Amino acid sequence: MDDSSSKKSTPNTGTYDSVSLETAVAERWQNDKTFENSIEQRRNSKPFTFLEGPPTANGKPGIHHVLSRLYKDLVCRWKTMEGHLVERKGGWDTHGLPVEIEVQKQLNLMSNEEIEAYGIEAFNQKCKESVWTYEEAWREMTERMAFWVDMDNPYVTLHDEYIESAWWSLKQMHDKGLLFRGYKVLPYCPQTGTSYSTHEVSLGYKEVAEPAVYIKFQLVDDAASILAWTTTPWTLPGNVGLAVGSNVKYCRVRITEPPSGNWEGRGSSEVGEELILAKDLLSDVLRHQVEVIEEFSGSEIVGKAYHPLFPDAIDRGDSDTAWTVVPADFVTTTDGTGVVHTAVMYGEDDYALGMEVGFPAQHTVGMDGKFISGTHDSLDGRYVKDCDSDIINLLEQNGRLYREHIYTHDYPHCWRTEHPLLYYAMDSWFVRMTAVKDKIIKYNSEVEWAPEWTGTGRVGEWLRNIKDWAISRERYWGTPIPVWICQDCGHEHCIGSIEEMNSMKTDSSPSPKELHRPYVDAVKLHCSNDGCKGEMVREPYVMDCWFDSGCASFAQWHYPFENEDKFKGSFPVDYICEAVDQTRGWFYSLLAVSTTVFDSICYNRCLSLGHILDNEGKKMSKSKGNVVNPWDHFNKEGTDAIRWYMTTQSAPWSPMNFDPKGVRETYAKMFLTLWNVHRFHADYAVLDNFNPNDKSTFVPIGKRSPLDRWILSRISTVAQDYHNQFVSWEFHKAGRDLENFVITDLSNWYVRRSRRRLWDEADSSDKRACQHTLHEVLCTVSKLMAPVSPFMSDRIYHDLTGESVHMADWPLGSSLVEKKLPPQDLNLEQQMSIVRTLTETGRRIRVDSNRRQRLPCQSGWIVGGIDLSAFHSIMAEELNVESLKTEKNLDRFQRVEIAPNHKVLGKKCRADLPKVLSELASADSEKLLDEIEKGNANLAGYDITMDDISLRRVEKEGYAASTFTVENLGDISLVLDMTLNDALLSKGLAREITRRVQSKRKDLDLDLEDTITLTVWLTEESPKLESKDWEYVKSETRASSAELSYSKPSKKADNFEVDGIKLYFSLKANK
RNA sequence: GGGCCCGUGGCUUAGUCUGGUUAGAGCACCCGACUGAUAAUCGGGAGGUCGCCGGUUCAAAUCCGGUCGGGCCCA
């Protein structure tokens, strides 16, 4: 197509069709390589670096992805226009549990056993394929929404290069002593052999009723027992401690009487027995009559030892604290006994407490869910959930059971097998984040967060309670943990590169095909410990996929193995942007990795976006059926409209209630309006052979009309505000201001007031001034909106200049590009603002006074304000007055009233304010004003000055008038003369007729140039029509032949009514 | 259970940090005007206990405490 070349072409501006316009622009971008060129153009300029948070392509892209990609794109386009080199490498997150689950569903593999039976190699191959399921859908969405990113050379977390970089970084942590092995308590299903993420756990909550027990723990040097409560009897063999609240009140009680009434279930207590439990829970727990012997706070029983329930189950080892009472801050008295039974390996709080106080960390339960041999004769080798009742029996036989009861609660179950999950301490590798807590908090404070509270609040709170990062997963599809352990001496070695691995490999080990399981599992290493001849075997884990993406800043470049310059030139990155749910996800993992590996921040600025909700503020979900498909809008209102809507709808960080009707509104208001302004300009530009670059026809701005200079000043002002709002991340306010400018200032005022200027067929300097002005304004508007809505802005700019707006410089300039805005004239802006308020005021006066708009007024007066003589002709036309004058003396039309200034008076009078106000209300205005001027006004004992009041002007009878206040200028009034005479009536009649005839012409679908034959019938009652006014009717309606008649109207004539008089006319096209 | 955010006419929102005139706008609705002006424009109307309760203050949408509802993260 010869038309689509980048040379300036004749614009073909028809009705706005968003989809075909956007498709055509996208095609031009492709042909012209606009994206690539917009980067290359800035090749030697200062970079602004962006890091793409990698999405996973095994799910379909949704509307929320459009939102985050919009804000990524917007900032990158903006910074490019500011002159920066902004490279945008795409990325894909390809590892992780969701991928495995998807494949497990597909292949119906319910457990780790089944996966291994199917074969890890084959399973991972399936995972690798599954990862690209929706790549095409992602590409299509990305292109259609105009997210400019390099998708042809993306980083991919499953590539060996990426994995090698991740290995390298883990080795750095290992060398700094930050990597260690420990346990992490996770919900675990022994049947499938898998632990579950919270997401999966939430799929399987079920209400269950099961026995809960109160256990008596017999103290060593004391006759009393401490009572504790648990809902999981199977964890009791693992008990190694009791936790109390230091400030909780406990008491020692003695049983005085056997229980009265029925005793449910097993358990008992003797009269005289002593028990210890929280004071607040006595009546909830005990079923016996008791006497309270003493009361004390928890801290007083800390350190007391008790006898283990199952003495053989756990080896004390070197623990001083095993089977003693310890303090813990999570203890409450909302349920149980105020004493928490602690089994280190079977609860998260338990484990953390155990580590803190030094309990032995030993399992009593195997990975198969069965008690380990040596726990107890009657329990060994049995599935734990089957033993609950037997354990209770054992405790009863030993006199350790106070009582049991049935407890109903929600408990997580495996969503595949429906078995209850066990909270189980899994072997795990950790990064010791607690060791770098101070650093990471410091680095976090150096990041420019938008909004600020995400950094100080959400992330800050999280970092203050930072925990060691469990980075290993007992899974198959992921970056393998590069840690090998010697089978002989237990020495551990962390591998940091492929080369290192190969150099340590045993001769019999194969070279891995790729850095995934099972290939790397087969690699054995020579032990690196001096003197040891043992063989090292890899730890069978993969890494948390958050670790993968946390490495993106360097792993995307395969640093440090390649691209040192690329990495160094882009670290820390200038900008990242994701939704707020990434605070503990990507935002954290990037910062955690950069802190531990590079001792640095990772990103300078982070925009944290709010979520998209449906139009009722509810979360979008498939089950609710309130999910919005972005293509519904791409295919209707278009990308520009949806991007503009999303930007202007709410602050980027606020949750957005997405309303499809809102997209429609944006389309109709912003884009139709702007398009029609462009069309107005372009159509006349073609007609008049307008050439913006022709110096001979150029009109200097100083020589243009005030209207032109006004709109140029306005765009300049709006542009500066727009830019400032961009800088403070308030894109929504920026967009709303620009939209308001386009609709109100540009279309509704400038273009409306300029239409007649361009109708003039003869060449005139005024016409050319208007065309240059529109050209300049449209160029600036296009540039400003280009980052947000890249299509129409580019189409308009390209029509105007022959170049892409995305190659243009930001009109506000920067340290790299020049500022280029029309001159500002704030006085002129203020004048025009008053002019417009005056014309609106005039219309209101007419409505109030029942004076129709088409009937002119003889005179109008402007009283007060500033000199508006430059606009008298515009105002006279808008107001439909014969002559407009300024008048200094308001007394002719108005009197003065006094109103209180609450703010000032309130400070002065405090509690007496109501009294002062009431005296003011009943005071005589003229007299009070006089006193104020003389300085002796007093109300209710307070001196009153001009600062305490404001003056209000109220119209006298006889004139129709209205007053408004302008800041710093005071009151401005418009007064209209309401008297009538024959000349005014004749003019009014002429306009009335003209309007009806024009309307009829439109009904008949006549072209603008068509002439007509017109007949108008008047009556004796109707006003006289003066001949000059009749000439006006003929010329306005292009009536080449016209007759004014007082006879009886033709039966076919149209009629209308003015002031109760019916008039007739008929017209015929001359064809 | 903990942390962070949000709550203003039917809908979308401004104003909240920094307390002060009658809580401002757009969409939708009603009445009128205007129009060779585009899904337009202008004037007017109706529609608000600013989620709820309490406190501070002469004065609270705004500050403080609590509470309810929504969202996110963590337990």
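The analysis underlying the following values was restricted to heavy atoms, covering all of them including side chains, and did not include hydrogens, waters or symmetry mates. Computed from a predicted model, the values in this text were never measured in an experiment. In what follows, chains carry the letters A, B, and so on, assigned in the order in which the sequence lines appear, proteins first and then strands, with residues in each chain numbered from 1.
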- prompt: Using a cut-off of less than 4.0 Å, is there contact between a side-chain N or O of Arg836(A) and OP1 or OP2 of C42(B)?
  reply: no
message: Quick check on U35(B): is either OP1 or OP2 less than 4.0 Å from any side-chain nitrogen or oxygen of Arg854(A)?
response: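 Answer yes for this pair, as a side-chain N or O of Arg854(A) is under 4.0 Å from OP1 or OP2.
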field: Atom-to-atom span, CG of Asn740(A) to P of G26(B) - whole angstrom
entry: 9 Å
Rounded distance in Å - CD (Gln853(A)) to P (U35(B)): 8 Å
For nucleotides 13-19 of chain B, list the nitrogen or oxygen atoms of the protein found under 3.5 Å from its nitrogen or oxygen atoms, one pair per line.
{"residue": "U13(B)", "atom": "OP1", "partner": "Gln649(A)", "partner atom": "NE2", "Å": "3.0"}
{"residue": "G15(B)", "atom": "OP1", "partner": "Lys733(A)", "partner atom": "NZ", "Å": "3.2"}

Need one value for [X]: base, sugar-phosphate or nothing, where a base atom within 4.0 Å counts as base even if backbone is also close, heavy atoms only.
| X | value |
| --- | --- |
| Glu840(A) | sugar-phosphate |
| Tyr16(A) | nothing |
| Arg1001(A) | base |

- prompt: Got a donor-acceptor pair under 3.5 Å from the side chain of Arg458(A) to the base of C72(B)?
  reply: yes
Can you tell me which nucleotide in [options] comes closest to the side chain of [X]?
| X | options | answer |
| --- | --- | --- |
| Arg664(A) | A39(B), A75(B), G36(B) | A39(B) |
| Glu348(A) | G2(B), C11(B), A75(B) | A75(B) |
| Trp453(A) | C6(B), A39(B), G71(B) | C6(B) |

query: For atom P, what is the distance between C11(B) and G51(B), given to the nearest Å?
result: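 Each nucleotide's P atom is 13 Å from the other's.
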message: Please report the distance separating the C1' of U22(B) from the corresponding atom of G70(B), rounded so that it comes out in whole Å.
response: 32 Å
task: Answer yes or no: is there an ion pair linking Lys184(A) with Asp468(A), defined by an N-O contact shorter than 4.0 Å?
output: no
field: Aromatic ring proximity, centroids under 6.0 angstrom, Tyr188(A) and Tyr423(A)
entry: no
message: Parallel, tilted or perpendicular: which one describes the rings of Tyr645(A) and Phe658(A), with boundaries at 30° and 60°?
response: perpendicular
- prompt: For the residue pair Trp653(A) and Trp453(A), does the interplanar ring angle fall in the parallel (under 30°), tilted (30 to 60°) or perpendicular (over 60°) class?
  reply: perpendicular
- prompt: Can you name the residues that form a salt bridge (Lys or Arg N to Asp or Glu O under 4.0 Å) with Asp1054(A), not counting sequence neighbours?
  reply: Lys1000(A)
message: Under 3.5 Å for both donor-acceptor distances, Watson-Crick or wobble: does G69(B) have a partner, and if so which one?
response: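 In the structure as shown, G69(B) has C6(B) as its Watson-Crick or wobble partner.
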